[in-house]
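Input: a single structure, listed below in structure tokens.
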Amino acid sequence: MSVHLAKGTRDFLPADMLARRQVVDVVRDVFERFGFEPLDTPVFERIETLTGKYGEEGEKLIFKILRRGKGGETGACDQALRYDLTVPLARVLAMNAQLRMPFKRYQIAKVWRADRPQKGRFREFFQCDVDVAGTTSPLADAECLAVLYTALSELGFAEFTIRLNDRRILTDLAAAAGAEDSKSETSFLIALDKLDKVGRAGVDKELIGRGFEADAIEKAWKVLAPQENDDATLDYLASQLGERGQEGVSFLRQVRDAALALGVDSARLTVDPTLARGLDYYTGPVFEAVVQEPNVGSIAGGGRYDGLVGVFSKRDIPAVGVSLGLERIITVMKELGMLPEPAPVAEALVTVFAAEQTPASLKTASALRAAGVRTELYSGDGRFKNQFKHANARGYRWLVVVGPDEAEQGVVMLKDLASGTQEKLTATDAAAAIVSAR
RNA sequence: GUGGGUGUAGCUCAGCUGGUUAGAGCACCGGAUUGUGGUUCCGGGGGUCGGGGGUUCGAACCCCCUCAUCCACCCCA
């Protein structure tokens with residue numbers, strides 16, 4: 001029988017889990033240092049909670065759960081796996097009016113998308129989200145940039161860029177190019193988003209294909225004319241855009257200033273009016289983090305979504321957040337050799353010599369554990385010699401031998417596998433020796 | 001949804017223009033060392049060559065179908 005994983009899913013064997021946990025521990029620690037509190041939500045939601053939030057393309061990628069009974073045959077469904085962590089958060093905010101604002105929460109959890117897998121892309125993957133809800137202050141946006149910057153820095157990333165733009169700038173830009181409704185605006189953004197890949201000529205071609213006029217496209221390019229630095233870019237954009245765009249520019253300026261004051265390295269943050277993020281619900285700043293090598297797309301993305309909670313509730317709650325893509329971060333870290341060798345969970349192995357000594361081995365293991373030593377009791381049926389191999393293969397430093405002599409004398413033989421030295425001690429002294437050698 | 005690449009031992013791969021019993025390294029098991037790992041030496045187990053069909057005297061190799069996987073596009077973390 002041939003057995004396969006479901007497409008786009010993976011098992012995480014202990015070696016993978018230990019490495020992943022190191023990464024998650026860093027991220028969680030940074031999140032909590034910024035005052036974000038944990039939240040969890042169901043892995044599936046009522047389908048109407050999820051639909052209409054992600055745009056046409058995103059909608060197709062929602063994993064739907066078939067209804068039981070009659071629905072099974074008709075293909076009807078009333079629930080679906082969560083597509084991200086932002087929409088479930090909006091639902092939580094709408095349902096819990098007692099939450100004190102601003103509400104800062106983080107959530108590190110699996111999400112599902114019915115995408116076709118490729119490098120750094122899976123159907124089941126982890127996102128690490130932080131969001132600030134209940135405030136329109138640019139400080140909240142700046143906090144998101146700072147927490148993103150800090151997390152990536154502490155993970156060991158040196159060469160990354162956080163690109164920053166504003167939905168209002170994009171809207172005015174699309175309008176300059178002749179986009180009059182949200183549909184043609186989206187169409188414009190999709191074409192613009194390809195700038196990195198296909199260049200200006202490629203975008204021109206695509207825009208023409210999408211029905212934009214050549215002279216209108218020229219107007220948009222004029223607005224996008226590269227400037228010397230971010231300040232100049234913001235000044236220039238303000239001079240070129242309408243009222244809505246100017247609002248975006250001045251908000252962005254406040255966000256950027258605050259982020260820099262919060263310690264974000266200006267070399268890692270860049271205002272980029274060509275950054276187009278397609279998610280329907282963004283209303284203000286949008287941003288993403290990218291590394292140039294290896295190419296896995298963006299490793300984090302986020303933005304402000306002031307209208308999303310209002311979709312679920314009469315009470316409108318503004319919010320801004322960022323999502324780190326754990327799989328992509330790990331993919332990059334693996335390729336760049338940034339993941340340190342994970343330490344084994346246990347540090348000592350207690351041997352089981354023969355049936356007569358087994359009770360002494362069990363007592364020894366128990367004593368070591370009680371003293372705080374992470375201990376594996378050899379529970380295989382391999383020969384005595386293999387117990388040494390086992391300890392070595394697992395990467396344990398300590399081997400605790402309880403043979404006939406030791407059992408009789410009421411001691412254990414503590415062997416340091418790193419140095420090869422060994423000595424007879426009581427179980428209590430052995431535990432103390434292991435603890436003090438850490 | 002579209003387009004390419006790749007499927008040979010647990011893993012990474014070799015296998016010449018189709019030609020005897022399909023190989024290597026690592027891993028695993030055993031022995032040298034019947035209370036001692038990691039190093040060394042010797043030996044061993046393990047493969048429906050992804051699956052099905054076809055061409056041929058003969059197929060891991062050629063053709064068709066299928067499944068899986070990777071990469072690119074769309075979109076995205």
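Chain A is the first sequence line, chain B the second, and so forth, proteins listed ahead of strands; every chain is numbered from 1.
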* Would you classify A/G58 as touching base, sugar-phosphate or nothing, given that sugar-phosphate means primed atoms plus P, OP1 and OP2, and contacts are heavy atoms under 4.0 Å? => nothing
* Closest nucleotide among B/C75, B/A77, B/U36 to the A/F122 side chain -> B/A77
* To do: Starting at atom CD of A/E56, determine the distance to atom C1' of B/C74, rounded to an integer number of angstrom.
  => 12 Å
* Whole-angstrom distance between B/G4 and B/G43, as gauged at atom C1' -> 46 Å
* Go through the N and O atoms of the side chain of A/N392 and the base of B/G38, and report whether any donor-acceptor pair is under 3.5 Å. => no
* Structure fact -> Testing B/C71, B/G35, B/C75 for proximity to the side chain of A/K119, the answer is B/C71
* Asked: Counting any heavy atom closer than 4.0 Å, what does A/K110 reach on the DNA or RNA strands: base, sugar-phosphate only, or nothing?
  -> nothing
* In terms of side-chain heavy atoms of A/F384, which of B/A77, B/C75, B/U36 is nearest? -> B/U36
* Length of the line joining A/K424:NZ and B/G35:P, which is rounded to integer Å -> 14 Å
* Do A/Y106 and A/E32 have side-chain N/O donor and acceptor atoms under 3.5 Å apart? -> yes
* Atom P, compared across B/U2 and B/G10: separation rounded to whole Å -> 34 Å
* **Base-pairing mate for B/C28 - Watson-Crick or G-U, with both contacts under 3.5 Å** => B/G44
* Is the closest side-chain donor-acceptor distance between A/T171 and A/R244 under 3.5 Å? -> no
* NA contact type, A/V401, heavy-atom cut-off 4.0 Å: base, sugar-phosphate, or nothing? -> base
* Asked: Ignoring hydrogens and angles, are the base of B/U36 and the side chain of A/Q422 linked by a donor-acceptor pair under 3.5 Å?
  -> yes
* Asked: Looking across every strand, which nucleic acid part, if any, lies under 4.0 Å from A/I190 by heavy atom: base, sugar-phosphate, or nothing?
  -> sugar-phosphate
* Is the closest side-chain donor-acceptor distance between A/R91 and A/T49 under 3.5 Å? -> no
* For A/A391, which contact category applies under a 4.0 Å heavy-atom criterion: base, sugar-phosphate, or nothing? -> nothing
* Could you give the distance separating B/C13 and B/C57 at their P atoms, to the nearest angstrom? => 37 Å
* Watson-Crick or G-U wobble mate for B/A72, both contacts under 3.5 Å -> B/U2
* Between B/G35, B/C74, B/A77, which nucleotide has the shortest distance from any of its atoms to the side chain of A/K194? -> B/C74
* Which residue, A/I299 or A/R121, contacts RNA chain B at a nucleotide closer to its 5' end, judged by nearest heavy atom? -> A/R121
* With a cut-off of under 6.0 Å to the ring centre and 45° to the axis, is A/R277 in cation-pi contact with A/Y282? -> no
* Tell me whether the OP1 or OP2 atom of B/G31 has a side-chain N or O from A/R383 closer than 4.0 Å. => yes
* Please state the P separation for the pair B/C61 and B/U6 - nearest whole angstrom. => 14 Å
* Asked: Heavy atoms under 4.0 Å, any strand shown: does A/E406 hit a base, just sugar-phosphate, or nothing?
  -> base
* Taking the same atom, P, in B/G51 and in B/A68, what whole-Å distance lies between them? -> 15 Å
* Would you mind pulling out the nucleotide paired to B/G58, Watson-Crick or G-U wobble, both distances under 3.5 Å? => none
* B/G25 and B/G44: how far apart are their P atoms, nearest whole angstrom? -> 13 Å
* Structure fact -> Taking for A/L5 and for A/K197 the nucleotide of RNA chain B with the nearest heavy atom, the one nearer the 5' end belongs to A/L5
* To do: Output yes when at least one side-chain N/O atom of A/Q118 is less than 4.0 Å from OP1 or OP2 of B/A72, else no.
  => yes
* **Rounded distance in Å - CG (A/D405) to P (B/U36)** => 13 Å
* Asked: Tell me: NE2 of A/H4 to P of B/C70, nearest whole Å?
  -> 12 Å
* Asked: Looking at A/E185 and A/R167, does any basic side-chain N land under 4.0 Å from a carboxylate oxygen?
  -> yes
* Structure fact -> Answer for the Watson-Crick or wobble partner of B/G7, both distances under 3.5 Å, is B/C67
* Has A/N386 got a side-chain N or O lying under 4.0 Å from the OP1 or OP2 atom of B/U36? -> no
* Taking only the side-chain nitrogens and oxygens of A/K7, find out if one of them lies under 4.0 Å from OP1 or OP2 of B/C67. => no
* A/R82 has an atom CZ; how far is it from atom P of B/A77, in whole Å? -> 15 Å
* **Side chain of A/D193 - closest among B/U36, B/C76, B/G37** => B/C76
* Value in whole Å for how far the C1' atom of B/G38 lies from CG of A/D416 -> 12 Å
* Cation-pi between A/R268 and A/F160: NZ/CZ under 6.0 Å from ring centre and within 45° of the ring axis? -> yes
* **Interatomic distance at C1', B/C16 relative to B/U40, whole Å** => 36 Å
* B/C28 phosphate, OP1 or OP2, under 4.0 Å from A/K389 side-chain N/O -> no
* To do: Give the rounded distance in Å between these two atoms: CH2 of A/W112 and P of B/A77.
  => 16 Å
* Asked: Would you say A/F353 stacks on B/G35, if stacking means ring centres under 5.5 Å apart and planes within less than 30 degrees?
  -> no
* To do: Output every pair passing side-chain hydrogen bond (donor to acceptor under 3.5 Å, both in side chains) with a member in residues 353-373 of chain A, not counting sequence neighbours, ordered by first then second residue.
  => none
* Asked: To the nearest Å, how far apart are A/L192 CG and B/C75 C1'?
  -> 15 Å
* **Separation between the P atoms of B/U20 and B/A60, rounded to whole Å** => 10 Å
* Check: A/K385 side chain, B/U36 base, donor-acceptor under 3.5 Å -> no
* Quickly, which of A/R113, A/K110, A/R20, A/K119 forms a salt bridge (charged side-chain N to carboxylate O under 4.0 Å, His left out) with A/E327? Name it, please. => A/R20
* Asked: Can you tell me if the side-chain N/O atoms of A/R116 get under 4.0 Å from OP1 or OP2 in B/U69?
  -> no
* Asked: Any luck finding a side-chain donor-acceptor pair between A/T233 and A/D230 under 3.5 Å?
  -> no
